[in-house]
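Have a look at the structure below, then the notes.
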Amino acid sequence: MTLPYPDTYYARTMEETVARPALQGAVEADVIVVGGGLAGLVTALELARGGLKPVVIEARVVGWGASGRNGGIVSPAFACDGEAIAARVGDVAAKALHRLTIEGVARVKAYINDLKITGAEPISGLLNLRRFDRSDDLRAYAAEFSHDYGYDFTYLDRADIRERLVSDRYFHGLADAQAFHIHPLNYVRGLAAELERLGGRIFEASPATQAQFTGAEKRIKTAAGEARAPRLVFATGGYTDGLVPRLKRAVLPIATYMMVSEVAPDLIASAIRTREAILDDRRASDYYRVIEGGNRLLWGGRITTRAASAAGVAQQLRREMIGAYPQLAGLRTELSWSGQMGYARHLMPQVGAMAPGAWHITAFGGHGLNTTAVAGKVLAESILGESDRLALFAGFGLDWAGGALGLAAAQATYWKLQLQDWWRER
Ligand SMILES: Cc1cc2nc3c(=O)[nH]c(=O)nc-3n(C[C@H](O)[C@H](O)[C@H](O)COP(=O)(O)OP(=O)(O)OC[C@H]3O[C@@H](n4cnc5c(N)ncnc54)[C@H](O)[C@@H]3O)c2cc1C
């Protein structure tokens, strides 16, 4: 059965293909969740575990958005760097927030292992690599993390890196053995199946066209139906449309790109001799990993604020790849695609209440696998009255993201970062 996913490596290789109905007529639930990406599904799943009966309304298919087409790298941190978080909410809250992101990594692993989600088995390890010759601050960063969070990185020198990667590009690095990588679409679909097993319902091909979220009874209308519940959660990520204008104004859609190679295990092994994922330390970073046991190379990077052709951007990604590994010049790119991330102006996720009984959980940017896993849990705890951890996100509200000017500023910032990266590496 072919489901209406964009043509990505993940859609071509997903494990199960159950199709779900569109919303027809009136449906009652304990809570409506709009958006069937990771933010919406984790929230709905945790609410179902807490005894509520959720209904998820998804415009396309579960995991159609960023959640089912990303790099699959699960590691701690937010898209926003720690210093900027501390500048906004102070050191103590910033550390508590970072701890959440570490919990998020463990939560993803626990979902996959506990639910026995097939085809998403975690593959351990992430190398954070530096493209210029300086290591004192890197070592200091590792020592600080070990002290503050009990989270250990292993420092890698050039020789250590060369054992894994046949490239002159990298000088120093930190290996993170707790991070891992997965097939994200199988993960999303595994969560969706568990939600249904617990009595939650998911409607696909059902774009929400009207939202009423201020009265005691919340209503979401679609072309052929209406869902009603006392609680409502918006989880529409980088695909947030005009359904709730306040949300749309708060989220900038930023596109990013991925490509996957042909099957060429020997050629790939002439360059990359590790199953660990790799992330360079550029502010505008590249990330990549071998998949299918080394048969193919998956490579991601670049952002644009205007839709660009994925095949065109893949040419830029290829230049990066061949710059790092000249021996891969003959490695054919089989497929490329793009996806939209949602970014707030403050670069942090926006998770909180919009009205009594109505919440939003969005703007996870380029670091959404671990952060959706923990933010969905934290939001569910708040809705169920189980904890006040949601207050940690209070400093990051639905600030206006600046519209077209905000997008232009984001693109300019990215170009500036690219220039700074280039300068540092000189
Ligand atoms: C190419 C790419 C690579 C990435 N790599 C990584 C990575 O390696 N590691 C990492 O941690 N993060 C990565 N990310 C980021 C991560 O994928 C996202 O932060 C995360 O998936 C966001 O989840 P979400 O549920 O908020 O949004 P989405 O997954 O985009 O889900 C939003 C859903 O809402 C639905 N929707 C929107 N409007 C409506 C409506 N009106 N009615 C009904 N449904 C609606 C959409 O159809 C969509 O399915 C990457 C992102 C991209 C695009």
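Values reported hereafter were calculated over all heavy atoms of this structure, with side chains retained and with hydrogens, waters and symmetry mates removed.
R130 and S135 are not linked by any side-chain donor-acceptor pair at a separation below 3.5 angstrom, with hydrogens and angles left out of the test. Side chains of D280 and S285: a donor-acceptor N/O pair is absent below 3.5 angstrom, by distance only. Side-chain atoms of Y187 and S67 form no donor-acceptor pair, as typed in the model, at a separation below 3.5 Å.
Between the side chain of S336 and the main chain of M259, no donor-acceptor pair closer than 3.5 Å is present. Panel note: side chain Q411, backbone T305; a donor-acceptor pair is recorded below 3.5 Å. Looking only at distances, no side-chain donor or acceptor of H360 sits under 3.5 Å from a matching main-chain atom of F234. Proximity of a side-chain donor or acceptor of E58 to a complementary backbone N or O of G36 within less than 3.5 Å is detected. A donor-acceptor distance shorter than 3.5 angstrom exists from the side chain of R189 to the backbone of E16, with no hydrogens or angles considered. Checked by atom type and distance alone, the side chain of T256 pairs as donor or acceptor with a backbone atom of R302 at under 3.5 Å. With Y5 contributing its side chain and V62 its backbone, the two residues share a donor-acceptor pair below 3.5 Å. In terms of modelled atom types and a separation under 3.5 Å, the side chain of Q350 and the main chain of G397 share a donor-acceptor contact. Although no hydrogens or angles enter the test, the distance criterion places a donor-acceptor pair under 3.5 Å between the side chain of Q340 and the main chain of G238. For R69 (side chain) and G65 (main-chain N/O), a donor-acceptor pair under 3.5 Å exists by modelled atom type.
Under the ring-ring contact (aromatic ring centres under 6.0 Å, His included) criterion, the residue pairs touching residues 20-67 are W64-Y239, with sequence neighbours excluded. Here ring-ring contact (aromatic ring centres under 6.0 Å, His included) pairs that include residues 7-60, with residues two or more places apart or in two chains, are Y10-H183, Y10-W337. Evaluation of the ring-ring contact (aromatic ring centres under 6.0 Å, His included) test over residues 363-402, restricted to residues two or more places apart or in two chains, returns H346-F396.
R231 is not listed as a side-chain neighbour of K218, based on a closest heavy-atom distance of 4.5 Å or more. At least one side-chain heavy atom of T362 sits less than 4.5 Å from a side-chain heavy atom of T240.
Taking CD1 from I182 and CD1 from I73, the interatomic distance works out to 10.5 Å, rounded to the nearest 0.5 Å.
The residues E217 and R219 are annotated as salt-bridged, a charged nitrogen and a carboxylate oxygen being separated by less than 4.0 angstrom. Ion pairing of K53 with E28 is absent here, as no side-chain N (NZ or NE/NH1/NH2) approaches a carboxylate O to less than 4.0 Å. In summary, R88 and D399 engage in a salt bridge, as defined by a charged side-chain N under 4.0 Å from a carboxylate O.
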Steps toward salt bridge (Lys or Arg N to Asp or Glu O under 4.0 Å) verdict (D241, K248) = CA-CA 6 Å; D241 56 16; K248 185 169 173 58; over 6 Å; no
Please report the C-alpha distance between D286 and R282 in whole Å, then the side-chain angles of each, then the deciding distance to 0.1 Å, and finally whether the salt bridge (Lys or Arg N to Asp or Glu O under 4.0 Å) criterion is met.
-> CA-CA 8 Å; D286 288 315; R282 288 184 150 197; 5.1 Å; no
Going through the distances and angles, do D136 and R134 end up as a salt bridge (Lys or Arg N to Asp or Glu O under 4.0 Å)?
-> CA-CA 6 Å; D136 51 338; R134 183 177 164 196; 2.9 Å; yes
Working for salt bridge (Lys or Arg N to Asp or Glu O under 4.0 Å), residues K95 and D148 | CA-CA 8 Å; K95 286 208 169 88; D148 289 350; 3.7 Å; yes
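Remark: Y149 pairs with H98, F145 by the ring pair (Phe, Tyr, Trp, His ring centres under 6.0 Å) rule, at least two apart or across chains. With sequence neighbours excluded, no residue forms a ring pair (Phe, Tyr, Trp, His ring centres under 6.0 Å) with W359.
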Table please: side-chain donor-acceptor pairs of residues 205-213 below 3.5 Å, with sequence neighbours left out.
from : atom 1 : to   : atom 2 : distance (Å)
S206 : OG     : L23  : N      : 2.9
S206 : OG     : E204 : O      : 2.7
T209 : OG1    : K221 : O      : 3.1

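A cation-pi arrangement is found for R139 relative to Y155, the charged atom lying closer than 6.0 Å to the ring centre and inside a 45° cone about the ring normal.
Closest non-hydrogen pair, A77 versus N370, comes out as O-ND2, 3.1 Å.
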